[in-house]
Amino acid sequence: MERTLTGIPAAPGIAVGPVYLLRWEVPEVRYRIITDEQVPHEIGRLHEALERAKARLHQVRERAEHHAGTDEAAIFDVQASILEDTELIGAVEAYIRQNLGAEKAFDLVMLDWRRHFAGATSSMLRERVGDLTDLHIRVLSILLGLPDHDPVDLPKGSGAILVTHDLTPSLTVQLDREAIVAIATDAGTRTSHVAILARSLGLPAVVGLRDITSRLTGKEKLILDGTAGIIVVDPSPEEIETYRTRALREVQEDDELRALAHVESVTLDGVPITIRANVDLPDEAEVAATSGADGVGLMRTEFLVVGRTTMPDEDEQYRAYRRVLEAFRGQTVVIRTFDIGGDKLPVGGFPSEANPFLGWRAIRMCLDQPEMFKTQLRALLRAAAHGDLRIMLPLVVTRDEVQQARTLMAEAVDELARRSAEFRADVPLGIMIETPAAAVSSDTLAKDVSFFSIGTNDLVQYTLAVDRGNANLASRFTALHPAVLKLIHRTVTVGEQYGLDVSVCGEMASQPLMAYALLGLGVRSLSVSPRGVPLMKRIVRAVRIDDAARSATAALACATAALAEMELRRGLSAALTSHASAGDGLLGVSHSI
Ligand code: PEP
Ligand code: MG
């Protein structure tokens, strides 16, 4: 087997540790015919497996409660109660009485229930599909005597590298951050939500390894280099030493960059650029606030819902939003309303959709569930009393969506006023530009909103028809494609025309060469991961806007992403060389492009 595996760098950092192989997939089950005499024994095996699964769920619940909180842990109570469902048990027993082995009987019933729930009209029922899948895996693993791959087993301080196919929300809430030091997955890309979550958790991650779970046995030791996207299997002591030295250097570079946290973000020719932080979890807020960011450019609220059975109520949301505003002490904080669906969260029936990325998600789902949406809006308006909050709507494609959201916001205001709650009514409302429709028709949307924020992760996905989470397509996910550059340029031009702030909060803003292109296209505000803030300041301080504009104009005229990249690379290298004495630590910049 090759000892070096290359994937997609998803979250920076280097880790060395034993593999923790988590195969959380429904195992294959053969048909096994039993005799009439064996029926009672098989029914006994079924009940024993159900009891063991429930005992396990109890343990998992306790762990999850400790790591993620009571609400997140409640999902496991629901799962345990499904295992007591008499209809479910009756159906499995009926198959066993028809001479099927317990594992096949359970398998058939679970397949049937999952199909049935996925097609249900009630979103409450559809939400249960993920739980049924978890139970399907858990009970079958017991019946088949498979190794217990439950993430709950990891002892603290084991320093393990989690290797799994994909990180689902229910696995995420079970993760013990004191036991896991890094993540490697078969699936995923830089912009998929595993990657975003790993960056939030501060765990180095390599994703898109395609088949690492089938290449490893679980007994190996790994070096995981999340900065380069490389895994070394069973490294030699010399290789470990080399990577340890590299890890140390990365930490030093990080420290050097952190020293830049509080310098001004202004280009060599004196143009101020706003650098904000993307915050995905309220827990991150305090640390993010020390990154030198000028506020939060994107808070993804959907992570408040990860792995839960119910939506967080108004008070819980209010506390989470207020915490972020208070951490940023008066700086602007842009909070995005729930962007649930697609690859994000299976809340509300996504498993049953043939095309979840084109489906009932984000603003569409919020507008169709006004009570859920207004709960969030009320929490936001109340939190707005504690800082400079702005509300942002995801995946907008038409003006009607903005107008409907405004109507619901006005209702939320009335409801709060009737309650005499403390809140702010005049919170600016902006939208994400993350579909070609929104970019092309941004002039029709501009009249109703206070700002635009370009979500390049989705904009690239929808413009190029390339799934952002599909590792097999990663090389086709080219943000410098002429169509994408033109849509960004159009959005910036419309923003200027209507006097709206236009920022970029997708991954593009975090990558030096892309950020240079964005500055050249006229973007004056970037939102990046908190760790990326000092690096972005370094880039900004090392370039001139007129150079960037020249390079961007040349890139816009290119026929392909590869040519545009060459153009930008040439421009940035020349700019860095010619202005080398004016900037600080320029070598670091040229290294990272
Ligand atoms: C985007 O689409 O670029 C974006 C910032 O939003 P998300 O990654 O959460 O979809
Ligand atoms: Mg998006």
- Value rounded to 0.5 Å, distance of SG in C558 from CG in L556: 8.5 Å
- Could you tell me the separation between the CG atom of L526 and the OG1 atom of T274, rounded to the nearest 0.5 Å? 8.5 Å
- Message: With side-chain contact (heavy atoms from CB on, under 4.5 Å) as the test, pick out the partner of V396 among M432, E401, E434.
- Response: E401
- Query: Does D339 come within less than 4.0 Å of R300, counting only side-chain N to carboxylate O?
  - Reply: no
- Query: Stepwise, does the side-chain contact (heavy atoms from CB on, under 4.5 Å) test hold for I230 with L5?
  - Reply: CA-CA 6 Å; I230 287 173; L5 309 176; over 6 Å; no
- Message: Donor-acceptor check, side chain of Q511 to backbone of M508, threshold 3.5 angstrom: yes or no?
- Response: no
- Query: Any side-chain heavy atom of L395 sitting closer than 4.5 Å to one from R361?
  - Reply: yes
- Residues S503 and S453: side-chain donor-acceptor under 3.5 angstrom: yes
- Query: From I545 CD1 over to T267 OG1, what is the distance, rounded to the nearest 0.5 angstrom?
  - Reply: 5.0 Å
- Can you name the side chain to side chain contact (heavy atoms under 4.5 Å, CB included) partners of A439, sequence neighbours left out? I433, L487, T491
- Side-chain donor-acceptor pair under 3.5 Å between Q461 and D458, yes or no? yes
- Under 3.5 Å, side chain of R364 to main-chain N/O of G359, donor-acceptor pair present? yes
- Item | Residue pair V533 / A293: nearest heavy atoms and the distance that separates them | CG1-N, 3.7 Å
- Message: Would you say E507 and T456 are linked by a side-chain donor-acceptor pair, where the criterion is simply a distance under 3.5 Å?
- Response: no
- Message: Whether K537 and E264 form a salt bridge (side-chain N of Lys/Arg under 4.0 Å from carboxylate O of Asp/Glu) is what I want to check.
- Response: no
- Quick one: do L358 and Y462 satisfy side-chain contact (heavy atoms from CB on, under 4.5 Å)? Show the steps, please. CA-CA 9 Å; L358 305 181; Y462 291 122; 3.9 Å; yes
- Query: Quick one: are T164 and R23 in side-chain contact, heavy atoms under 4.5 Å?
  - Reply: no
- Item | Non-hydrogen atoms of R406 and D448 that approach each other most closely | NH2-O, 2.7 Å
- For the side chain of E496 and the backbone of T493, is there at least one donor-acceptor N/O pair under 3.5 Å apart? no
- Rounded distance [0.5 Å steps], CZ in R246 versus CD in E239: 11.5 Å
- Query: With sequence neighbours left out, what residues match T560 under side chain to side chain contact (heavy atoms under 4.5 Å, CB included)?
  - Reply: A562, L563
- Query: Sub-3.5 Å donor-acceptor pair from the side chain of E220 to the main-chain atoms of L216, do we have one?
  - Reply: no
- Message: Is it true that T213 and D186 share a donor-acceptor pair across their side chains at a distance under 3.5 Å?
- Response: yes
- Taking it one step at a time, do D234 and R3 satisfy salt bridge (charged side-chain N to carboxylate O under 4.0 Å, His left out)? CA-CA 7 Å; D234 287 331; R3 283 186 47 251; over 6 Å; no
- Can you name the residues that form a side chain to side chain contact (heavy atoms under 4.5 Å, CB included) with S529, not counting sequence neighbours? R531
- Message: Does any part of the side chain of V334, heavy atoms only, come nearer than 4.5 Å to the side chain of M299, both counted from C-beta?
- Response: no
- Note on the structure: What one should report as the nearest heavy-atom pair of D166 and T185 is CA-CG2, 4.3 Å
- Item | Any side-chain heavy-atom pair of V484 and T478 under 4.5 Å | no
- Task: Work out which heavy atom in Y516 is nearest to a heavy atom in A575; give both atom names and the distance.
- Result: OH-CB, 4.2 Å
- Message: As a quick check of understanding, evaluate side-chain contact (heavy atoms from CB on, under 4.5 Å) for F373 and L367, giving each step before the final call.
- Response: CA-CA 7 Å; F373 191 33; L367 292 175; 4.1 Å; yes
- Under 3.5 Å, is there a donor-acceptor pair between the side chain of T290 and the main chain of V287? yes
- Do the side chains of E302 and R336 get nearer than 4.5 Å, heavy atoms only? yes
- Query: Can you name the side-chain hydrogen bond (donor to acceptor under 3.5 Å, both in side chains) partners of E567, sequence neighbours left out?
  - Reply: R570
- Are any non-hydrogen side-chain atoms of Y321 and L304 less than 4.5 angstrom apart? yes
- Message: Contact between C505 and N278 at the side-chain level, heavy atoms closer than 4.5 Å - yes or no?
- Response: yes
- Note on the structure: Distance col, row I231:CD1 vs D225:CG, nearest 0.5 angstrom, shows 9.0 Å
- Pair D501 + R524, salt bridge at N-O below 4.0 Å: no
- Item | Minimum heavy-atom distance between G270 and P272, given as atom pair plus value | O-CD, 3.4 Å
- Task: State, without any angle test, whether T332 and D388 hold a side-chain donor-acceptor pair at a distance under 3.5 Å.
- Result: yes
- Sequence neighbours excluded, the answer for side chain to side chain contact (heavy atoms under 4.5 Å, CB included) partners of A557 is none
- Query: N472: what forms a side-chain hydrogen bond (donor to acceptor under 3.5 Å, both in side chains) with it, not counting sequence neighbours?
  - Reply: R210
- If you measure from OG1 on T301 to CG on L380, what distance do you get to the nearest 0.5 Å? 7.5 Å
- Apply side-chain contact (heavy atoms from CB on, under 4.5 Å) to the pair V528 and I275, showing each step before the final yes or no. CA-CA 7 Å; V528 302; I275 311 283; 4.3 Å; yes
- Message: Donor-acceptor check, side chain of T227 to backbone of G13, threshold 3.5 angstrom: yes or no?
- Response: yes
- Determine whether F477 and L464 make a side-chain contact, defined as any pair of heavy atoms from C-beta on separated by less than 4.5 Å. no
- S525 versus R276, closest heavy-atom pair with distance: OG-NH1, 4.1 Å
- Message: I'd like to know if the side chain of S265 and the backbone of I273 have a donor-acceptor N/O pair within less than 3.5 Å.
- Response: yes
